[in-house]
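Down below is the structure, laid out as structure tokens.
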Amino acid sequence: MTSSETAGNGGSLAGVRVIEVGDQQGEYCGLVLAGLGAEVIKVEPPGGSPTRALGPFVDDTPDPERSLHFWAYNRGKQSIVLDLDTAEGRGDYERLVAAADIVLDSTPLGYLDGLGLGSAELRARHERLIYGRITPFGETGPQAHLKSSDLVHLALGGVVMNNGYDPDPKLVYDTPPIAPQLGHSYAIAGEQMAFTLVAALSVRNRTGHGQHLSCAIHEAVAKNTEGDLMSWVALRTPFNRQTCRHSAPNVSRHRTIFSTKDGRWYLAMTRNAKLLGPFLDEWGVGGTISDGSEETEKDSRVLPGMEGGAASNMDVVEQTMRRYMFDSVPWREAQQAGLMWVPVRKPHESAQDEHWLERETYTDVEHPELGKSLRYPTSKWVTQGSNWVTGRRAPLLDEDRRSILEIAPRTPAKPLYLPRVESERLSPHGLPFALQGIRVLDFTWMLASAGATRFLAALGADVIKVEWHKNLDPRRGGAPVGGREARERATGPVPSRWPADQGGPVGAQYNNKNPGKRGISLNVKHPEGLRLAKRMVAESSIVAEGFSPGVMEAWGLGYDVLREINPKIIYAKQSGMGSKGVYGRFRTVGPVAQAFSGISEMSGLPDPFPPAGWGYSYLDWYGAYSFALALLTAVYHREMTGEGQWIDASQCEVGLFLGAVPLLDHGVNGRVYERAGNRSPYSTAAPEGIYRCAGDDRWIAITCAGQDEWERLAKEAGHPEWLERTEFATSEARQQNRADLDALIGSWTAECERYSLMTRLQDVGIAAGVVQTAEDRVERDPQLRALNWLTELDATDFGRWPVAAPSVSLSDNPQYIGGPVGRAAPTYGEHNYQVYEELLGLSKDDVDGLAAEGVI
């Protein structure tokens, strides 16, 4: 078998060895690396990883070998127990590191350094070692020491404050904001660490040297909230949460979630009269459908499918939904009619869907100890030549000791292909960018795809954003009247310039999605435009796109055409459902993908409340991280094999990949996931939740993990008598009496100022964090400021504004969100003269002539 065939069958990271050490914070990243073909060795302490104690369990019997959480996040890995507090354990660990490519470390701050096994010491002895460090709040800074939990991260990072239910008619929030479940903070950070580790592998192919990578979970989560951050930065406008739809400056009348006759839920976003009217005449109850022209009150954010219709149109949708049983709603027919309707699925329900089975999104994994196989989500995209690797079930404790201890250092595999680098590009940090010689022809659109190439630009790729004025990537939102000066003077919200989609100045949201890129205009529907596009393909490494399936093929730019032009081209597309499969033409945006994948159902208060869903397009950002990972693993795969490839990625699969725990719980225990509010239904921490503080809509997240922490909390609250109450005396008792316990804690916190309470609880060793708004993160968070989480960049005709910096630092190749171009997002066609001359040798007169002909 050739090296190319071996890499293809073994995944893009075949031959890469990873040592994973630490706790839950790094497990998701290790799972993804294993799925891409890396050999991941999990180093566990005596007694096993702490996550072996996390539920749910097989038959609800706690056992370190029967934790479904551990199974979900450690599939495909190997296990060895090493006591690093002994000389023998440290010696064995160092021998493993000497034979490894990557160390993935999520141990407590200072622990491995104190043993002489920290990043600096190990890299000094092993120059090729890549060291990935995931920490709760960073390795330095005034709050690096804070205690964390998933709930606390989602609160401090702003996710929680965007999610929840509509306020009452007087616009008072009578329910708490909602933390989505399960483990999203670790996945957000882990996904970004994964693609940056792969970039570091590419650097090592070129230089022979490893380096140190660092990611603070808090920083990664704080940038994940989409609209609210740039709205505050540019417009000083806060966002308000709304039931199962995007948070926005105003609480709209527009609903997106509707109950069926049997009490299940559907997401229906389209209110466009031209599409909705004929469909409801055939499948609904009829009714008056309006184009919205008579409405005086407009939604503060108009999403695709909402335009061209009145909010009252959704009254007819609601009347229709209530006539149907859940399984009878004609949602597939609605999709075929162009309407964005999908069931709000429970997390186990997609595992039997024909679309995902055709895409091999799920795989049955044998569990010999159970005598049966269990279904797992195992893939996030379809490709050729380097498919996802399922691996075996999660390892038993110390199962692989003998074979692991026999591992020896090996001769590094030599790359077969490296891109030509005429002159090394340096970042403003004075060090080389990670991605040298990589050019991306960027046809991406909206955040889920455009966000991915944003990260490649930050790593140093030359990303050329291709647009045509008849189908612009939306620029709406966040261009303040009066510019930066008006924003700096403002004491309240600043009005935004409208319209902002006509190819003129960028808005803050677009600016945050597309920094570091060059922008050109090109009409590929024109024969000469298509010819120019093909010539640029010959000069590019990657063609990335985010259109509906079939668009690029219809233009004459499908993969078969591209690889004839450039055999080593990487062609990657991201859509809602993916091209392959029966739903390839179905329409989605972030909320639709979230509902369909099961993660909207997992967020909210228990029945009879509806799902709260997500208050932004979570799978847009998360899809961008995953798409960046797909692109970078394809680059590494090409370096090792000389092969290009095509990639068919989907937002929904990214969400499905996050649902392994409830899927296993259903497969093993027959249990259907039930929402439990602001805690995991599998959590044993009590108290744990979001509690009201003094002030208007002010909240704090608290996770009290054990008996000792409960005793400290009661004493800090000044209520030692709580410890005398039998219903709260033990962890089991507190879990059984959560409602009374939450009421007790809430009555105390309601009188406390949120930041001082957070400090008090952290000082006594309890994970607590303010439920922060965008204003809080930008104006009040000292740790984010110390981590330089925002970067000021200049944008043509827009001015100098902060955008979100990359969340992972590299010691030898620092990222810069301004990319090689050193600027924020480009205006429409801003770099036409520069790019067309550089790539194709066209003069300014040539470009002007093509523009006059409608080609450019």
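Every heavy atom of this structure was used, including side-chain atoms; hydrogens, water molecules and symmetry mates were not.
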Requested in this report: First locate atom CG of Asn471, then atom NZ of Lys525, and finally report the distance between them rounded to the nearest 0.5 Å.
Outcome: 7.5 Å
Query raised in the report: Parallel, tilted or perpendicular: which describes the rings of Phe195 and Phe455, with under 30° parallel and over 60° perpendicular?
Result: tilted
Query raised in the report: With no hydrogens and no angle check, is any side-chain donor or acceptor of Asn224 less than 3.5 Å from a backbone partner on Ile188?
Result: no
Query raised in the report: Is there a side-chain contact between Ser350 and Thr361 (heavy atoms, below 4.5 Å)?
Result: no
Query raised in the report: Distance-only, no hydrogens or angles: does the Ser617 side chain make a donor-acceptor pair with backbone N or O of Leu619 under 3.5 Å?
Result: no
Query raised in the report: Would Trp445 and Phe443 count as a close aromatic pair, with their ring centres under 6.0 Å?
Result: no
Query raised in the report: Measuring from Gln645:CD to Ser12:OG, what's the distance to the nearest 0.5 Å?
Result: 5.0 Å
Query raised in the report: Under 3.5 Å, is there a donor-acceptor pair between the side chain of Glu539 and the main chain of Leu840?
Result: no
Query raised in the report: Short question: side chain of His355, backbone of Val582 - any donor-acceptor pair under 3.5 Å?
Result: yes
Query raised in the report: Is there a donor-acceptor contact under 3.5 Å from the side chain of Asp105 to the main chain of Arg133?
Result: no
**Report entry** 4.5 Å side-chain heavy-atom contact, Lys77 and Ile41
**Finding:** no
Report summary line: Only residue of Asp353, Thr390, Leu656 satisfying side chain to side chain contact (heavy atoms under 4.5 Å, CB included) with Tyr362 is Leu656
**Report entry** Centroid-centroid under 6.0 Å between Trp381 and Phe657 rings
**Finding:** no
Query raised in the report: Does a sphere of radius 6.0 Å around CD in Glu528 hold more than 12 heavy atoms from other residues, nucleotides or ligands, not counting ones at 6.0 Å or beyond?
Result: yes
**Report entry** Steps toward side chain to side chain contact (heavy atoms under 4.5 Å, CB included) verdict (Ile464, Val440)
**Finding:** CA-CA 6 Å; Ile464 300 172; Val440 182; over 6 Å; no
Query raised in the report: Applying side-chain hydrogen bond (donor to acceptor under 3.5 Å, both in side chains), which residue pairs with at least one partner in residues 812-821 are found, sequence neighbours left out?
Result: Gln211-Asn813
Query raised in the report: Hey, mind stepping through Lys42 and Glu27 against salt bridge (charged side-chain N to carboxylate O under 4.0 Å, His left out) and telling me if it holds?
Result: CA-CA 9 Å; Lys42 189 176 186 68; Glu27 281 187 334; 3.1 Å; yes
Report task. Decide yes or no for His831 and Pro826: does some side-chain heavy atom of the first lie under 4.5 Å from some side-chain heavy atom of the second? Result -> yes
Query raised in the report: Between Asp620 (side chain) and Met446 (backbone), is there a donor-acceptor pair under 3.5 Å?
Result: no
Requested in this report: Please examine the side chains of Met552 and Lys573, heavy atoms only from C-beta on, and report whether any two atoms are closer than 4.5 Å.
Outcome: no
Query raised in the report: Does Val365 reach the side chain of Leu374, with side-chain heavy atoms less than 4.5 Å apart?
Result: no
Query raised in the report: Can we call the ring centroids of Phe596 and Phe586 under 6.0 Å apart?
Result: no
**Report entry** Separation of Tyr571 OH from Ile569 CD1 (nearest 0.5 Å)
**Finding:** 11.0 Å
Report summary line: Rounded to the nearest 0.5 Å, the CG atom of Asn566 sits from the CG atom of Leu441 at a distance of 11.0 Å
Query raised in the report: Would you find a donor on one side and an acceptor on the other, under 3.5 Å apart, between the side chain of Ser811 and the backbone of His212?
Result: yes
Query raised in the report: Any idea how Tyr625 and Trp621 line up, ring-wise: parallel (<30°), tilted (30 to 60°), or perpendicular (>60°)?
Result: parallel
Requested in this report: Please test Leu213 against Ile130 for side chain to side chain contact (heavy atoms under 4.5 Å, CB included), starting from the C-alpha separation and ending with a verdict.
Outcome: CA-CA 8 Å; Leu213 282 67; Ile130 297 169; 4.0 Å; yes
Query - Student check: side-chain heavy atoms of Gln335 and Val342 closer than 4.5 Å - result: yes
Query raised in the report: Will you find, in the side chains of Glu653 and Ser379, an N or O donor that is under 3.5 Å from an N or O acceptor?
Result: no
Query - Nearest-0.5 Å distance that lies between atom CZ in Arg587 and atom OG in Ser575 - result: 13.0 Å
**Report entry** Side chain to side chain, Arg638 and Ile570, heavy atoms closer than 4.5 Å
**Finding:** yes
Query raised in the report: Between the side chains of Glu39 and Gln78, does any donor sit under 3.5 Å from an acceptor?
Result: yes
Report summary line: Those residues at least two apart in sequence (or on a different chain) that pass side chain to side chain donor-acceptor pair (under 3.5 Å) with Arg410 are Asp101
Query raised in the report: Is it true that the side chains of Thr378 and Thr363 contain a donor and an acceptor less than 3.5 Å apart?
Result: yes
**Report entry** Between Trp555 and Phe547, ring centroids under 6.0 Å
**Finding:** yes
Query raised in the report: Can you list the steps and then say if Val16 with Val18 is a side chain to side chain contact (heavy atoms under 4.5 Å, CB included)?
Result: CA-CA 7 Å; Val16 175; Val18 180; 4.3 Å; yes
Query raised in the report: Can you say whether the rings of Tyr28 and Tyr622 are parallel (under 30°), tilted (30 to 60°) or perpendicular (over 60°)?
Result: perpendicular
Query raised in the report: Shortest non-hydrogen contact from Val592 to Met340?
Result: CG2-CB, 4.0 Å
Query raised in the report: Do other residues, nucleotides or ligands put more than 12 heavy atoms under 6.0 Å from the CD atom of Glu837?
Result: no
Requested in this report: Say whether, by atom type as modelled, one donor and one acceptor occur between the side chain of Glu467 and the main chain of Leu522 under 3.5 angstrom.
Outcome: no
Report summary line: CG (Leu456) and CZ (Phe627) are apart, to the nearest 0.5 Å, by 9.5 Å
Query raised in the report: Taking all atoms of both residues into account, what is the closest heavy-atom pair of Cys215 and Ala189, and its distance?
Result: SG-CB, 4.0 Å
Query raised in the report: Side chains of Val103 and Leu129: closer than 4.5 Å at any heavy-atom pair?
Result: yes
Query raised in the report: Within the distance-only criterion (no hydrogens, no angle test), does the side chain of Lys568 pair as donor or acceptor with the backbone N or O of Ser541 below 3.5 angstrom?
Result: no
Report task. Decide salt bridge (charged side-chain N to carboxylate O under 4.0 Å, His left out) for Glu191 and Lys380; before the verdict, give the C-alpha distance in whole Å, the side-chain angles of both, and the deciding distance to 0.1 Å. Result -> CA-CA 12 Å; Glu191 194 78 27; Lys380 294 195 291 176; 2.4 Å; yes
Requested in this report: State whether the side chain of Asp648 and the backbone N or O of Lys580 hold a donor-acceptor pair below 3.5 Å, judged by distance alone.
Outcome: yes
Report task. Looking only at non-hydrogen atoms, find the nearest pair between Ala804 and Asn512 and report the distance. Result -> N-OD1, 2.9 Å
Report task. Check the angle between the aromatic planes of Tyr618 and Tyr616 and answer parallel, tilted or perpendicular using the 30° and 60° thresholds. Result -> perpendicular
**Report entry** Heavy-atom pair of closest approach, residues Ala72 and Val661
**Finding:** CB-CG2, 3.7 Å
Query raised in the report: Can you check salt bridge (charged side-chain N to carboxylate O under 4.0 Å, His left out) on Asp364 and Arg375, steps first, answer last?
Result: CA-CA 4 Å; Asp364 292 334; Arg375 185 157 293 182; 2.8 Å; yes
Query raised in the report: Which residue pairs pass the salt bridge (Lys or Arg N to Asp or Glu O under 4.0 Å) test with at least one member in residues 437-466, sequence neighbours excluded?
Result: Arg439-Asp462, Arg439-Glu838, Asp442-Lys517, Asp462-Arg518, Lys465-Asp473
Query raised in the report: Would Asn523 and Ile856 satisfy side chain to side chain contact (heavy atoms under 4.5 Å, CB included), going step by step from the backbone distance to the final call?
Result: CA-CA 6 Å; Asn523 180 7; Ile856 291 175; over 6 Å; no
Query - Thr588 to Gly576 - nearest heavy-atom pair and separation - result: OG1-CA, 2.8 Å
